[in-house]
Amino acid sequence: MEENNKQWLPHLTGKIVSEIEGNFLDSYAVALEGWRRGLKLKWHVKGSEKFKEMEVWSVDRPGQLFSLSSKEKTHYFFRSRGDDVSNEAVQVGRSKERTNAVLRDAGVPVPEGRNFGKESSDDELIQYAETLGFPIVVKPTDGSFGRGVVSNIRSSGELADALEHVRRTLGFMEVIIEKYIPGRDYRLYVVGNEVVAAMHRLPPNVTGDGESTIRKLIRKKNALRKENPRLISCPIGTDQETRNYLDRSGYTLKTIPAEGETVFLNDKANISIGGDPIDAFDELSPQVKETAVKAMKAVSGLTHGAVDMIIGTDDEEAGHVIELNPTAQLGGLLYPVKGQARDVPAAIIDHYFPETRGLDIERAKIYFDFHDLLDPLQARDAVITTVTPSLEGKLHAKKYTVTGDVQNIGYHRGLRKQAFERGLHGYVMNMDDAIEVVVGGTDLEMVDDFEHGLWEDEERAKIFEVIKEEYDGPIKVGFEIKTDLKTQLRELKALKKELDMTEYERKKAEAENRKFHRSTSWKVATPVRLAGGIIKRIRKR
């Protein structure tokens, strides 16, 4: 994995998305782009507003449904898909059978094959494969992430084993048998009439160093994948499927490949199971891109989404479409292991809000805390949360390195108050023998004035030196106290102690209450309380 050859977007760095993984990365990237352009951003729970009508799934955990609004209009989004994409288009995209039928009717090249229902016997599928001609592919009609796909099946015996696995072990009884097309796997992202990004999806692999076993090489590569916002949640596995694939190639996990030798661990190119995303936008021919656009237009209501294609050695000019994905993950296009990242979120927002084109470079440095905003939705205290508007105007920022006795959490909270009073954003972070403070805002005078606030709390901080410099990095809206682990544990212990004390006081009050109700005075006064109640009711009448 050639980490040194990647070029990620400067306004969507790993630091900005460091705490976001999986499908949430798609939601955040698109939402952040719209928010930075001055659009009003709201996060929603399922079933709120227009989401009652949209086709969505797996959204019990907030963070995948949001809306963006200008003064004139509002659009709703599920992950990377906006409300311009119809439910019918989504349903077509989720069914490989319907996708292939629509594409064939539109003259888009797809692999030859057909669908078989659960009532079809394995023998029927094997007979069809023999007529079609090996090698073939078997895959579920509604599978995803490569699950249940077995490719390059070269004999009836291999197909029988594959069907046993796919239909019985995995439970995918409805499958597609289609001609296997050798070639390279690509994903192209289309918005309107244009391909805006493309990546080559390389199957899971390792490169030998002449000393390490395949198992150790996988561990090393997984450590590198953890540094990639898209790949951190997609490690290369060493499961039975991987071991079986290696065995067919004459390897085991204990094999030591020669230096520079590439060993593939699977023939599936899905990023989610360990594949490598490599930027391929500039290498694809205009004909291939035209095929992708034609495939999208073949489905009514599919205005943007991903087109998965195989480019074989004998069809470099057109390629074959193997899948359409209206709700595609964007991470591989935004964080390739090699090549230039492509700004798909910008293209999506351009499509829905063309009047906001031309992102202000100053605004591109601002971002918001994803998880803090979702807490009210997660706790079910709200069904919608609104994000504080992005800053407008030229951004000014300073970084201070403050040495001395400055580790007191109370001092840090005071700095947060100083920042809020000046309308500034940033953070304070503990270092070994100092703290780092970053503040930014659109009022240069307030940014410069913050330096005075560093010296004001003499009771909780003894400052030896303050070093000031310009800061040009990203700034999160709000002011964050980034405490070290020791301080966090101390605070957690204090909060637990406070909670225990509150619980003790509650139980003590309940015990006192029960004791009072059992007392002689309470029992003696019972007739009086009953009489008083009767008199009150008579008076109300």
Salt bridge or not for [X] and [Y], using N-O below 4.0 Å?
| X | Y | answer |
| --- | --- | --- |
| Lys417 | Glu456 | no |
| Glu470 | Lys398 | yes |
| Lys338 | Asp276 | no |
| Glu33 | Arg37 | yes |
| Asp26 | Arg79 | no |
| Lys268 | Asp185 | no |

Gln91: what forms a side-chain hydrogen bond (donor to acceptor under 3.5 Å, both in side chains) with it, not counting sequence neighbours?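 With neighbours one apart ignored, the set is Glu55.
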side-chain hydrogen bond (donor to acceptor under 3.5 Å, both in side chains) with Asp457: which residues, sequence neighbours excluded?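 Once residues adjacent in sequence are excluded, the partners of Asp457 under the side-chain hydrogen bond (donor to acceptor under 3.5 Å, both in side chains) criterion are Arg460.
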Do the side chain of [X] and the main chain of [Y] share a donor and acceptor less than 3.5 angstrom apart?
| X | Y | value |
| --- | --- | --- |
| Lys476 | Tyr427 | no |
| Thr442 | Gly393 | no |
| Arg225 | Cys234 | yes |
| Glu21 | Pro229 | no |
| Trp35 | Thr388 | yes |
| Ser48 | Val45 | yes |
| Asn228 | Lys226 | no |
| His412 | Val406 | yes |
| Asp83 | Tyr76 | yes |

Once the angle between the rings of Phe450 and Tyr400 is folded into 0 to 90°, is it parallel (under 30°), tilted (30 to 60°) or perpendicular (over 60°)?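 Plane angle between 30° and 60°, so tilted.
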Students often mix this up, so state it plainly: with edges at 30° and 60°, are the rings of His304 and Tyr189 parallel, tilted or perpendicular?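 Answer is tilted, since the angle falls between 30° and 60°.
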Do Trp43 and Phe370 pass the ring pair (Phe, Tyr, Trp, His ring centres under 6.0 Å) test, and can you show the C-alpha distance, the side-chain angles, and the key distance before you say yes or no? CA-CA 10 Å; Trp43 294 97; Phe370 183 62; 5.3 Å; yes
Please walk me through it: do Tyr28 and Gln64 pass side-chain hydrogen bond (donor to acceptor under 3.5 Å, both in side chains)? CA-CA 8 Å; Tyr28 184 75; Gln64 301 177 79; over 6 Å; no
Looking only at non-hydrogen atoms, find the nearest pair between [X] and [Y] and report the distance.
| X | Y | result |
| --- | --- | --- |
| Trp8 | Gly14 | CE3-N, 4.4 Å |
| Pro277 | Tyr335 | CG-O, 4.0 Å |
| Leu391 | His425 | CD2-NE2, 3.6 Å |
| Thr74 | Ser69 | OG1-OG, 2.7 Å |
| Leu377 | Val383 | CD2-C, 3.5 Å |
| Val191 | Ala347 | CG1-O, 3.9 Å |

Mind running side-chain hydrogen bond (donor to acceptor under 3.5 Å, both in side chains) on Asp84 and His351 for me, showing each step along the way? CA-CA 10 Å; Asp84 272 2; His351 173 76; 3.1 Å; yes
List in chain and number order the residues that pass salt bridge (Lys or Arg N to Asp or Glu O under 4.0 Å) with Lys220, two or more places apart in sequence or in another chain; answer none if no residue qualifies.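 Residues passing salt bridge (Lys or Arg N to Asp or Glu O under 4.0 Å) with Lys220: Asp209.
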With side chains defined as the heavy atoms from C-beta onward, is the minimum distance between [X] and [Y] less than 4.5 Å?
| X | Y | answer |
| --- | --- | --- |
| Ile435 | Tyr411 | yes |
| Leu334 | Arg342 | no |
| Lys297 | Val190 | no |

Contacts of Asp405 that satisfy side-chain contact (heavy atoms from CB on, under 4.5 Å) - sequence neighbours left out: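 Result, side-chain contact (heavy atoms from CB on, under 4.5 Å) vs Asp405: Lys462.
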Output all residues satisfying ring pair (Phe, Tyr, Trp, His ring centres under 6.0 Å) with Tyr367, sequence neighbours left out; order by chain, then residue number.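 Partners of Tyr367 by the ring pair (Phe, Tyr, Trp, His ring centres under 6.0 Å) criterion come out as none, since no residue qualifies.
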Go through the structure and list residues passing ring pair (Phe, Tyr, Trp, His ring centres under 6.0 Å) with Phe77, not counting sequence neighbours.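 Ring pair (Phe, Tyr, Trp, His ring centres under 6.0 Å) list for Phe77, sorted by chain: Phe66, Tyr352.
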Check the surroundings of atom CD in Glu458: do more than 12 heavy atoms from other residues, nucleotides or ligands lie under 6.0 Å from it?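 No, because the 6.0 Å sphere around CD of Glu458 holds 12 heavy atoms or fewer from other groups.
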So does Glu355 have more than 12 non-hydrogen atoms from other groups sitting under 6.0 Å from CD?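 Correct, the count exceeds 12.
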Inter-residue atom distance Leu41.CG - Ser67.OG, 0.5 Å rounding: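 If we round to the nearest 0.5 Å, Leu41:CG and Ser67:OG are 7.0 Å apart.
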For His396 and Asp443: C-alpha separation, side-chain torsions, deciding distance, then whether side-chain hydrogen bond (donor to acceptor under 3.5 Å, both in side chains) applies. CA-CA 7 Å; His396 308 276; Asp443 190 328; over 6 Å; no
